[in-house]
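Contents: one structure, followed by commentary.
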Amino acid sequence: TLGIRVPEILELIPKQVNIGLAVEGFLRSLRRQMPVVAMVLDAADVVAVAEHLKNIELPNNPTWLIGSLGLELRRLKSWMAVYKGGAFVEPHMPELREFKNFFLESLKIPDDKLSQ
């Protein structure tokens, strides 16, 4: 694996108003030039973030790790430039809660075995 860890976390609420602006502000607060940004969002929010960021010039170049359900990959071309170099994961609906917990915890807790 890549040994990626995410020390900064932006907590969003369901039905977050201005989610794109919230993510933009978070990205601008990061000091690293190439931060890793992990998001577990519903498909509409993934699209909303991309639509907001596609015309924004950011001071950094994030690597995106995105977990979501129901992403229409046919529409991916319209916002592919925003998430370039990223990874998309789409678990099955019954596994979403466990996936979200595993995804977030694995990014917070160092694991020496991952770097091997």
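Start at 1 with the first residue, then count along the sequence. Predicted, not measured: the structure shown is a model, and the values here were computed from it. Computed from heavy atoms alone, side chains included, the values below leave out hydrogens, waters and symmetry copies.
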Val37 and its side-chain contact (heavy atoms from CB on, under 4.5 Å) partner, picked from Asn60, Leu27, Val49: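 When side-chain contact (heavy atoms from CB on, under 4.5 Å) is applied between Val37 and each of Asn60, Leu27, Val49, only Leu27 qualifies.
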Exam field: side chain Tyr83 to backbone Ile66, donor-acceptor pair closer than 3.5 Å: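 Not at all, since once roles are kept as given, no pair shorter than 3.5 Å links the two residues.
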Ser68 side chain vs Leu41 backbone, donor-acceptor pair below 3.5 Å: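 Yes, Ser68 side chain to Leu41 backbone: donor-acceptor pair under 3.5 Å.
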Pairs touching residues 11-22 that satisfy salt bridge (charged side-chain N to carboxylate O under 4.0 Å, His left out), sequence neighbours left out: none
What closest approach, in Å, do [X] and [Y] show between heavy atoms, and which atom pair accounts for it?
X: Leu10; Y: Ala22; value: CD2-O, 3.6 Å
X: Ile56; Y: Arg28; value: CG2-NH2, 3.3 Å
X: Lys84; Y: Trp64; value: O-CD1, 4.5 Å

Residues in side chain to side chain contact (heavy atoms under 4.5 Å, CB included) contact with Leu21, at least two apart in sequence or another chain: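 Side chain to side chain contact (heavy atoms under 4.5 Å, CB included) list for Leu21, sorted by chain: Asn18, Glu24, His52.
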Side chain to side chain contact (heavy atoms under 4.5 Å, CB included) partners of Ala48, counting only residues at least two apart: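 With neighbours one apart ignored, the set is Ile19.
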